[in-house]
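The structure under discussion appears below in the form of structure tokens.
Protein chains get the first letters and strands the later ones, always in sequence-line order, with residue 1 at the start of each.
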Number of protein chains: 2
Amino acid sequence: MSRISEPSVRRLSHYYRVLEEVAAEGKRMISSHLLAEREGITSAQVRKDLSSFGSFGRRGLGYHVEHLRDEIRALLGLDRRWRACVVGAGHIGAALLGYRGFADQGFDLVAVFDADADRIGRTLEGRVVRPVSQLSAKDGFEIGVIATPVRAAQEVADALVAAGVQGILNFAPRKLRVPDSVTLRAVDMTMEFESLSYALTHARAGRLSAGRVRRRPPRGRPRA
Amino acid sequence: MSRISEPSVRRLSHYYRVLEEVAAEGKRMISSHLLAEREGITSAQVRKDLSSFGSFGRRGLGYHVEHLRDEIRALLGLDRRWRACVVGAGHIGAALLGYRGFADQGFDLVAVFDADADRIGRTLEGRVVRPVSQLSAKDGFEIGVIATPVRAAQEVADALVAAGVQGILNFAPRKLRVPDSVTLRAVDMTMEFESLSYALTHARAGRLSAGRVRRRPPRGRPRA
DNA sequence: TTTTGTGAACGTGTTCACAGCG
DNA sequence: CGCTGTGAACACGTTCACAAAA
């Protein structure tokens, strides 16, 4: 297990979901081809990804569903719980706090902060909104989620770093600067809309890059 | 302007934002180096990206801020308005409908649909929630946004396609199947959390791929 | 001199194709 | 035979480095 590419890690998340589904269906083994099919990628890609982490499959048989699922869960760090806080008690903050799926995956959004005096003290999805000035290391947050307006985002990022978070998930449409020791991920909805707009605008002019269409492999046996 | 890569289009969105800021600051010209600095990429990348769309710069001077901004706006298809609808009147739907930024970029979220009888008829961010069964081609939606629970996502995607949308933005954490003629983009918050979790889990073991750190170019003149 | 535009070099991720094992 | 694991080939995106233009 040497250097793992980021796209590979993202695919791991997908494999994990498929495996959860397949496990629920009661299947015991799954082939790289079947795993790939649900994902829209090639079976070679699946095998490459998995083999870069270890030898999880059995030649001639495929992968043991539950075993592989557990291995991936551990690889992704989902076999533990993460303490996270949300900064920004607006619409997005509320949406995040209200979504049960995160807790199911081990992400506990245990606190909400906001700078707006009108919001402080009110309850949002069961958590009392605290003033952002109270953000400190003694709460032991490992992850900070930024759900503020753009103008506040960098300032909040700095505060989160000062509070000792190891990772930040940023929902504000702005590139943030954080020290190398802090991991940053961004969800940029505005950019996604714009990327869609670009694709639609250029779609009829020859289907340029309008959608990352991925051909399924020919599926027949290799010629010659 | 031949084949444009998707990463290149996404960077275009960033350039656009920087140019809006810089234009507001009253600057007339900007160099590829300055554009790159705000973005954390190399100036060569900026020039490559821009030159793949046309010759917008002037050697020795840089790029004219307002002109380049307008060119990119047109390239991204932001010089027009898009009719979009949101399916799913839950937290995420509400967050999207409540965010003014989309309208500012030309995306009009003109309607909300939901399958839940309790929600239908209620008002959400100024729009009356309509039954998802009413979704039809006569509303002329160009873009459909899926903000439903996972289990409903594929069904809703099919309905949107039937209603004639050209593009779909999916917020449900599930791979969707749509015809090639429809462009699909996905915002997967769950995956983003998991990617963060992976990075944090493996961070101390040698800083593998924990954060896509991009070095600024050496900045000195080329040696030799 | 400054800074763009771009072919060439490079690096990285994906696909192929087959050896190896069950 | 079926299917994984993997080196080799390939495709693609990024960076370099320099000629051309202002």
Side-chain angles (χ1 to χ4, degrees), chain A residues 1-12 14-15 27-37 39-65 67-68 71 208-209 212-224, chain B residues 1-12 14-15 27-37 39-65 67-68 71 208-209 212-224:
Chain A
M1 173 181 164
S2 49
R3 193 67 35 82
I4 307 300
S5 73
E6 218 214 89
S8 178
V9 173
R10 307 178 80 80
R11 283 192 297 268
L12 229 47
H14 276 124
Y15 302 150
K27 280 198 68 170
R28 250 194 150 45
M29 304 294 288
I30 190 169
S31 68
S32 61
H33 182 78
L34 229 59
L35 250 175
E37 196 168 60
E39 238 299 298
I41 60 178
T42 69
S43 59
Q45 182 75 79
V46 173
R47 294 197 300 278
K48 255 275 146 85
D49 283 341
L50 296 178
S51 75
S52 73
F53 291 104
S55 266
F56 300 128
R58 313 259 280 235
R59 296 176 198 233
L61 295 170
Y63 301 87
H64 185 78
V65 174
H67 176 245
L68 183 57
E71 289 285 354
L208 303 181
S209 59
R212 191 172 281 265
V213 183
R214 217 171 259 289
R215 282 171 302 300
R216 211 179 314 291
R219 184 70 209 109
R221 57 207 64 268
R223 50 262 193 256
Chain B
M1 172 180 165
S2 48
R3 193 68 36 83
I4 307 300
S5 74
E6 219 216 88
S8 178
V9 173
R10 307 178 79 81
R11 283 192 297 268
L12 229 48
H14 276 123
Y15 302 151
K27 278 197 67 169
R28 256 206 142 39
M29 304 294 289
I30 189 169
S31 68
S32 60
H33 183 76
L34 229 60
L35 249 176
E37 196 168 60
E39 239 298 299
I41 60 180
T42 68
S43 59
Q45 182 73 79
V46 173
R47 294 198 300 278
K48 254 278 147 83
D49 284 339
L50 296 179
S51 75
S52 73
F53 290 104
S55 266
F56 300 127
R58 312 259 283 232
R59 295 173 198 237
L61 295 171
Y63 301 88
H64 184 79
V65 174
H67 176 244
L68 183 57
E71 289 285 354
L208 303 180
S209 59
R212 192 173 279 266
V213 183
R214 217 171 259 289
R215 281 171 303 299
R216 212 181 315 291
R219 187 67 210 111
R221 57 206 65 266
R223 53 265 192 247

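Side-chain proximity of B:Q45 to D:dG5, C:dG5, D:dT14: nearest is D:dT14. In this structure, of C:dC16, C:dG5, D:dT14, it is D:dT14 that holds the atom nearest to the side chain of B:P7. The side chain of B:R11 sits closest to D:dT14 out of D:dT14, D:dC16, D:dT6. Candidate nucleotides C:dG13, C:dT4, D:dT14 were compared by shortest atom distance to the side chain of B:S31, and C:dT4 ranks first.
Contact record, A:F56 with A:Y63: C-CD2, 3.7 Å, taken as the closest heavy-atom pair. Contact record, A:S8 with A:F53: OG-CE1, 4.2 Å, taken as the closest heavy-atom pair. What you find for B:I30 and B:L34 is that their closest heavy atoms are CG1-CB, 3.7 Å.
Judged by closest nucleotide on DNA chain C, B:I30 is the one of B:I30 and B:K48 placed further toward the 5' end.
How far CD of A:E37 is from OG of A:S31: 8.5 Å, rounded to the nearest 0.5 Å. Annotation: the span from A:K48 atom NZ to A:S5 atom OG amounts to 11.0 Å, rounded to 0.5 Å. Distance check, rounded to the nearest 0.5 Å: CG of B:L35 to CG of B:D49 gives 10.5 Å.
Looking only at side-chain heavy atoms (C-beta outward), A:L50 and A:Y15 come within less than 4.5 Å of each other. Here the side chains of B:E39 and B:V46 are not in contact, with every heavy-atom distance at 4.5 Å or above. Side-chain atoms of A:H14 and A:R10, non-hydrogen and from C-beta on, never get closer than 4.5 Å to each other.
Distance B:R10 CZ to D:dG13 C1': 15 Å, rounded to the nearest Å. If you measure from atom CG of A:L35 to atom P of D:dG5, you get 12 Å, rounded to the nearest angstrom. Look at NE2 on B:H33: it is 15 Å from C1' on D:dT15, rounded to the nearest Å. Going from atom NE2 of B:H64 over to atom P of D:dA22 covers 17 Å, rounded to whole Å. One interatomic measurement links the two molecules: CG of A:D49 to P of C:dT12, which rounds to 17 Å at whole-angstrom precision. Taking atom CZ on B:R47 and atom P on D:dA21, their separation rounds to 16 Å, with Å as the unit. Between the P atom of D:dT6 and the CG atom of A:L50 lies a distance of 12 Å, rounded to the nearest Å. If you measure from atom CD of B:E6 to atom P of D:dG13, you get 10 Å, rounded to the nearest angstrom.
Remark: A:S5 is not in phosphate contact with C:dT12, judged by side-chain N or O atoms under 4.0 Å from OP1 or OP2. Applying the 4.0 Å criterion to OP1 and OP2 of C:dG5, one finds that B:Y63 has a side-chain N or O inside that range. Considering only side-chain N and O atoms, A:R3 lies nowhere under 4.0 angstrom from the phosphate OP1 or OP2 of C:dG13.
B:S55 comes within 4.0 angstrom of sugar-phosphate atoms only, judged by non-hydrogen atoms across all strands, and of no base.
In this structure, the helix from C:dT1-D:dA22 to C:dG22-D:dC1 shows an angle of 0° between the axis at its start and the axis at its end, each fitted on 5 base pairs and rounded to 10°.
Listed by chain and number, the residues in a side chain to side chain contact (heavy atoms under 4.5 Å, CB included) with B:H64 are B:R28, B:M29, B:E66, B:H67 (sequence neighbours excluded).
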Give me the distances for all protein-to-nucleotides 20-22 of chain C N/O pairs that come in under 3.5 Å?
| residue | atom | partner | partner atom | Å |
| --- | --- | --- | --- | --- |
| C:dG20 | N3 | A:R59 | NH1 | 3.1 |
| C:dG22 | O4' | A:R59 | O | 3.3 |

